[in-house]
Amino acid sequence: MKLDVLVAPAFLKEDDLTGCQCAVIDVLRATSTIITALVSGAAAVHPCLDIAEARRDVSGLGRERYLLGGEDMGQHIPGFDMGNSPLEYMVEDVVAGKDIYFYTSNGTGAIRRAHAGSGKPVYIAALLNLSAVSSAIVKAASTGSLDGIVILCAGRYGNPSAEDFFCAGLLVRKLISGLRESGIETQPGDSAIIAAGFATAREGQRIDVLASSDHGRFLRSIGFESDLEFASELDFYDAVPIFDGERVALLDRAS
Ligand code: MLT
């Protein structure tokens with residue numbers, strides 16, 4: 001089974017995702033926030049391509065049904081209900097039962113591109129749910145219907161980001177061993193091999209990886225240090241969000 005990592009959507013070529021199972025990672029912070037919102041009881045998260053799309057999508061919806069959330073340059077978007085701090089979305093009273101229309105600078109676009117390119121449901125991954133996503137992908141691969149697995153990092157404004165690449169490397173390692181246990185050998189591409197090496201070298205330093213990254217430093221400078229601490233938690237949730245092209249909802253793993 002082919003297994004590779006793309007360091008940012010800008011590195012995506014036309015056929016890279018065809019027939020592949022795709023997982024998208026944006027540790028700081030979009031995928032960490034989406035996972036948290038859904039575990040806190042949100043009905044669904046709708047990843048939007050821009051702020052105007054989010055506003056358009058909610059026009060005509062009953063005000064009690066939805067929340068607008070996300071960020072622009074890390075900051076709360078004027079007129080939106082919520083920002084992009086995962087900690088904000090832990091409040092069940094606020095998010096439970098709501099459809100969240102969500103725009104972020106890099107993460108939501110990466111999720112949409114992954115679905116458009118693969119034509120398959122997309123797994124939403126972060127450090128917070130690494131093992132759960134790995135198990136779900138191994139299960140999907142065991143059905144024999146996949147041409148490969150691609151981990152797409154959201155990156156930062158077209159560039160790679162250390163925290164996403166680190167998380168991708170940890171996921172590569174878990175997938176290789178999980179697939180092997182299921183009798184499937186993987187052929188990791190060069191990016192997957194390099195990501196796994198980076199993850200191995202920095203394995204015990206998760207918070208440092210996040211804090212010393214470009215985006216980690218930026219988030220600290222604007223007051224979001226606690227988001228870094230939370231997003232660096234490994235396997236905090238046993239949950240797998242999946243994007244079906246319209247909405248992200250929790251995968252029912254009984255099925
Ligand atoms: C993004 O999608 O670029 C991020 O989630 C930005 C952020 O940290 O809010």
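Ligands are counted one by one from 1 in listed order, and the atoms in each one are counted from 1 as well.
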Ligand-residue contact atoms, ligand 1 with Gly107, heavy atoms, under 4.0 Å
1 (C), 2 (O)
Nearest-contact summary for atom 5 (O) of ligand 1 - protein heavy atom, Å:
Asn84 ND2, 2.8 Å
Enumerated ligand 1 atoms positioned under 4.0 Å from heavy atoms of Asp26
1 (C), 2 (O), 4 (C), 5 (O)
Any N or O of Ala30 that comes nearer than 3.5 Å to an N or O of ligand 1?
yes
Less than 4.5 Å apart, side chain to side chain, heavy atoms only: is that true for Ile25 and Ile151?
yes
Check: Pro47 main-chain N/O paired with Thr108 side-chain donor or acceptor under 3.5 Å
no
If we only count heavy atoms from C-beta on, is the Val150 to Asp16 side-chain gap below 4.5 Å?
no
Less than 3.5 Å between some nitrogen or oxygen of Thr104 and one of ligand 1, yes or no?
yes
Kindly say whether the aromatic ring centers of Phe230 and Phe236 come within a distance under 6.0 Å.
yes
Counting only heavy atoms closer than 4.0 Å, does ligand 1 sit against the backbone of Arg156, its side chain, both, or neither?
neither
Any side-chain heavy atom of Val122 within less than 4.5 Å of one from Ile242?
no
In ligand 1, which numbered atoms sit nearer than 4.0 Å to a non-hydrogen atom of Asn106?
1 (C), 2 (O), 3 (O)
Tell me the protein heavy atom at minimum distance from atom 8 (O) of ligand 1, and give that distance in Å.
His215 NE2, 2.6 Å
Within the 4.0 Å heavy-atom shell around Arg29, which atoms of ligand 1 are there?
4 (C), 5 (O), 7 (C), 8 (O), 9 (O)
When you look at NZ of Lys98, are more than 12 heavy atoms from neighbouring residues, nucleotides or ligands closer to it than 6.0 Å?
yes
Can a side-chain donor-acceptor contact be found between Glu163 and Ser213 if the only test is distance below 3.5 angstrom?
yes
